[in-house]
Structures are given as C-alpha cells and as structure tokens.
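What follows is a single structure, written as structure tokens, with notes after it.
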Amino acid sequence: MPRDPYHSLVSELMAQQTQLDRVVPRFEAFVRRFPDFRALAAASREDVLEAWSGLGYYRRARLLHRLALEVAAGGGELPSSAAELERLPGIGPYTAAAVASMVFGEAVPLMDGNIARVGARVLASADDPRGKEGRAAVLEWVRGLMNGAPPGDVNEALMELGATVCTPNRPDCVRCPLTEGCRARCEGDPTAYPPPRQTRAVVDLRWLVVVVEDPKRRWLLRQVAEGPILRGLWLPPFAEIDSGRPLEQQALGLLPFDVTQSIGISKPIRHSITHRRIEAIPARAVIDHPVRVAKGWSWADPANPRLPTSSLLGKLLGSVSTSSSV
DNA sequence: AATGCGGGGGC
DNA sequence: GCCCCAGCATT
C-alpha cells in the first residue's frame, strides 16, 4: 500500500468494506484525477462522487471531500498520530491506525474484519471480536506482535494473512505461520471462531414506487420523512402495497396533484437494505405540463438529482428506461 | 450496542 | 441464494 499520506488515506477510505481487488483500479483513476489534497479540495462534490461511482457507500466520498477541505484549509498537511487522524471526517479507529502505522510508523494496532477473524482463532476467545472485550483482546494481541517489527508491517501482514490464508470458510492452516500458537487450530476447528453473527430474520416488503416524469424529463421526488430507513433521502413517492386495491389507484393516492394521464406498471425491481428484501414495483406516468410542488417535494433529473438519494433511484432509472411496461 | 449504508465476488 | 468484505456515523 502507498506510503504517501494522501494516497494512503484515499486507498484506506476506498478499502472500507470493499475488497482490495476492486479498490486498486478505482484508486489509480481517482488519484490521477485528484493528485493531492488541494486538487481534491478544489473539486466539486459532484465530481468527487462521479469518480467514486460504482464503489458504493457514497458517504465515504462526501466525507473524504470534507476532509480534503479541512486539510487544505489547515495548510495541506495530514496530522501524523492516530488520535488526531481519528478526529477527521470519515476516519474511524481502523483508518486512523492504518495511516498512522503504515505512513508514520506509530505503534498502534488495528482490527479489520480479517484481523478480527485471525485474532479470534489464535486466541480461541469466547468473546466476539466485534464486541468490547473481544476487540480489546485482539488489539492487545496485535500490539504484542509489534516487538521490534515495524508496526505498519505487522498490521498489514495480519490483514493479508486473513485475506489469503486464514479465510472464513476454508483456512489453510498448513500454510499459516501462526499455526503453532493457534488455540483454535489446537481445538480442531478454526472455523468455530469468531462466533457467527446473529442473523436477523429477513423481512420481505413490496413497495409501489410512482415515477412521474415532466416535460423536462425530470422526476418527481419526495424527501423520506419518517421510518427507520432512507430517512432524509429523496426518492419517488412510494408506499407499501395494499394488495386489496388496484395499483393504479394507490399510485394516484401517493401524488400531491391530480394526474389524468394513464399509469403504466413496470417490471419489479429488487433492492436490499440490511435485513429487508424489497420488491419495488414502478408505476409510471408522463405528464405534459410542469407542476409546482410544495416543500418536501422536488423535481430532479433522475440521472443527476443533486439531492441525497439512494441507489434505488438509479435502479429505477435503469429499469424504467429500458423495460417496457407490463 | 444496533442499525444503515452499495456493490461485487465466492461458494 | 447467502455471506463477506483492509468500517464509519448516528442513534
């Protein structure tokens, strides 16, 4: 991984919850386009998001942009300690420790998903490494490996070990340099650690999503006001389907104005949010005159809404524009 | 301590 | 299909 502070930071942010193979090409294009903190700070948020598109977790891009603005305003130098780094937007315990140890040589241990697994197995700890005690135990174990070795190399090597040898399903213990002292290996079944996440039951939902397009090809969006998910994001009006009523009638009921044009029902779209599995059925209408809408509603170009939204909007755009109605 | 946030690859 | 991924912010 890069030793330059800016490059290191960008790559670590991209690597959050994203496999490294996927990061590399995007990282190279990103730093070509934005070579340093100043260039990134000078860019528009829209350009940054465009360079990020496809990577997911877009909040990372917005936070990185904010971080660049802060760093550029402060002289263009990144702080060098994990404690200071963690105060910057988008930087948590993992990223702070990664940059501090790999770029600045600070002896601070880190834990990602790989090291959580490796540590839990070596220690055969009953505590989940994602919990408070288990996490502390793993970090202490990593710190103990830094005796004399460069801290960044220790952190990096352990992550690499987890990614290539001590894998979730079929750990290759024969090839593992830690097999001697591994308590889980000694017990016989390394995959017993860490304890499996308790999985929440999957909830199936069916949503009716009303896509109204005006003469400028803008879509009617509504800011999601309540509910546990998507709050504050802008999407076409939607609601859970009441199977007792015609879809067209329900679609009309979701709109803030009357529509006399015909409503077409399109092919369903799948979307998942954590433990919810959503089948979204687009209902589509094209109106022939602009309509003024109240606060909480907006007209926006669906390909570039310039409003906070969910990837569901992109799925709708792709689906509605390519599929015929049914 | 839980929950939301994307998208792709492996099995 | 389901699980996981060089996590963070918010509640």
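Just so it is clear: chains get the letters A, B, ... in the order the sequence lines come, proteins before strands, and each one is counted from 1. What you see is a predicted model, and the numbers here were worked out from it, not measured in a lab.
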Please name the nucleotide paired to dG6(B) by Watson-Crick or G-U wobble geometry with both distances under 3.5 Å, or report none. none

Could you check which of dG4(B), dC5(C), dA6(C) has an atom nearest any side-chain atom of Tyr94(A)? dA6(C)

Rounded C1' spacing from dC5(C) to dG6(B) in Å: 12 Å

Want to settle it: does Gly90(A) or Arg117(A) sit nearer the 5' end of DNA chain C, counting the closest nucleotide to each? Arg117(A)

Starting from P on dC5(C), measure out to CG on Leu13(A) and report it in whole angstrom. 19 Å

Please work out if Leu110(A) contacts a base, only the sugar-phosphate, or nothing of the nucleic acid, heavy-atom cut-off 4.0 Å. nothing

Rounded interatomic separation in angstrom, taking NZ from Lys132(A) and C1' from dA2(B): 17 Å

To the nearest Å, how far apart are Ile115(A) CD1 and dC4(C) P? 18 Å

Under 4.0 Å between a Lys/Arg side-chain N and an Asp/Glu carboxylate O for Asp214(A) and Lys216(A)? no

Interatomic distance at P, dA6(C) relative to dG10(B), whole Å: 12 Å

Identify whether any heavy atom of Thr95(A) sits under 4.0 Å from a base atom; if not, whether one sits that close to sugar-phosphate; answer base, sugar-phosphate or nothing. sugar-phosphate

Starting the side chain at C-beta, find the nucleotide from dG4(B), dA1(B), dA6(C) nearest to Glu160(A). dA6(C)

Would you mind classifying the nucleic acid contact of Arg276(A) as base, sugar-phosphate or nothing, using non-hydrogen atoms under 4.0 angstrom? sugar-phosphate

In residues 65-74 of chain A, what donor-acceptor pairs under 3.5 Å come from side-chain atoms, sequence neighbours left out?
residue  : atom : partner  : partner atom : Å
His65(A) : NE2  : Leu40(A) : O            : 3.4
His65(A) : NE2  : Ala43(A) : O            : 2.9

With a 4.5 Å cut-off on side-chain heavy atoms, are Leu220(A) and Val293(A) touching? yes

Atom-pair distance (CZ on Arg87(A); P on dA9(C)), nearest Å: 14 Å

Once you apply a heavy-atom cut-off of 4.0 Å, does Leu63(A) come out as touching a base, just sugar-phosphate, or nothing? sugar-phosphate

For Arg270(A) and Glu86(A), find the nucleotide of DNA chain C closest to each by heavy atoms; which residue's nucleotide sits nearer the 5' end? Arg270(A)

Can you confirm whether the side chains of Ser243(A) and Arg206(A) place a donor and an acceptor under 3.5 Å from each other? no

Arg277(A) CZ to dG4(B) C1': how many Å, rounded? 18 Å

Is the closest side-chain heavy-atom distance between Arg26(A) and Thr18(A) below 4.5 Å? no

How close or far is atom P of dC4(C) from atom CG of Asp21(A), stated in whole angstroms? 18 Å

Separation of dA6(C) C1' from Asn155(A) CG (nearest whole Å): 10 Å

Distance in angstrom units between His275(A) NE2 and dG4(B) P, rounded: 6 Å

Nucleic acid footprint by protein, nucleotides 5-11 of chain B - heavy-atom cut-off 4.0 Å, B for base, S for sugar-phosphate alone: BBSSS--

Quick one: sort the Trp207(A) and Phe238(A) rings into parallel, tilted or perpendicular, breaks at 30° and 60°. parallel

Candidates dC2(C), dA1(B), dA6(C) - which lies nearest the side chain of Ala163(A): dA6(C)

When you check the phosphate oxygens OP1 and OP2 of dG7(C), does a side-chain N or O of Arg130(A) lie under 4.0 Å from one of them? no

Taking only Lys NZ, Arg NE, NH1 and NH2, and the carboxylate oxygens of Asp or Glu, determine whether Arg3(A) and Glu156(A) approach each other closer than 4.0 Å. yes

Is it true that the side chains of Gln16(A) and Thr95(A) contain a donor and an acceptor less than 3.5 Å apart? yes

